[in-house]
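Here the structure is laid out as structure tokens; the discussion comes afterwards.
Indexing begins at 1, ligand by ligand and atom by atom, following the structure's order. Just so it is clear, the model here is predicted, and its values are computed rather than measured. Each residue takes its place number in the sequence, starting with 1.
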Amino acid sequence: MKATEIDWDRFAEIIEKHAQKKWGLIPLLQEVQERFGYIPPETIGAVAEALDLYPSHVQGVITFYAGFSTEPRGKCVLKVCRGTACHVKGGKSILRVIKRDLDLEEGETSPDYQFTLETAACLGACFLAPAMMVDREYYGKLNPTKVTSVIGEYRKPEGDE
Ligand code: FES
């Protein structure tokens, strides 16, 4: 399935699970994002209706939380730390290697929707500097060789569509 196709049946299941729950908005949005890799803008109206909210309220929450995105993102989201502890331990060259290996700039997603590259002010793991995350997994004490091998683990096998 392409990242831009919406499985509306699956979406309806998520809505049904969270509808009418007073504090359901964040868990609902998290589940939509986990399932689709992003929050398709065309689902915002239905989310608002299910929880009896204004679409502008839903949009506001999506904008407020950095973890939510209305743009299709890659299957693997790389977050590279730009914080001071990582910077002094060579974080800049780690970011350079990742950009080169993935042929992506910050904020970009690969055309096959396999990778999205992001940076963060601090990943809260300074003792691992220089550090990055792939989805929820931490990788620390990185060097160019290690980072290339981590990226290799997340590449799609040849011929896998
Ligand atoms: S500065 Fe990089 S994890 Fe804190």
Just to verify, what does Ile151 make a side chain to side chain contact (heavy atoms under 4.5 Å, CB included) with, not counting sequence neighbours?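 Counting only residues at least two positions away or on another chain, Ile151 forms a side chain to side chain contact (heavy atoms under 4.5 Å, CB included) with Leu78, Ile98, Asp101, Leu102, Phe115, Arg155.
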Between Arg35 and Asp7, does any NZ, NE, NH1 or NH2 come within less than 4.0 Å of an OD or OE carboxylate oxygen?
yes
Of Ile39, Leu51, Thr43, the one forming a side-chain contact (heavy atoms from CB on, under 4.5 Å) with Leu28 is Leu51
Salt bridge (charged side-chain N to carboxylate O under 4.0 Å, His left out) pairs touching residues 25-34, sequence neighbours excluded, are Arg10-Glu31, Lys17-Glu31, Glu34-Arg136
For Phe11, ring-ring contact (aromatic ring centres under 6.0 Å, His included) partners two or more places apart: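 Per chain and number, Phe11 pairs via ring-ring contact (aromatic ring centres under 6.0 Å, His included) with Trp8.
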Checked atom 2 (Fe) of ligand 1: protein N, O or S atoms closer than 2.8 Å come out as Cys81 SG, Cys86 SG
Smallest heavy-atom separation, Pro40 atom then Val32 atom, equals CD-CG1, 4.0 Å
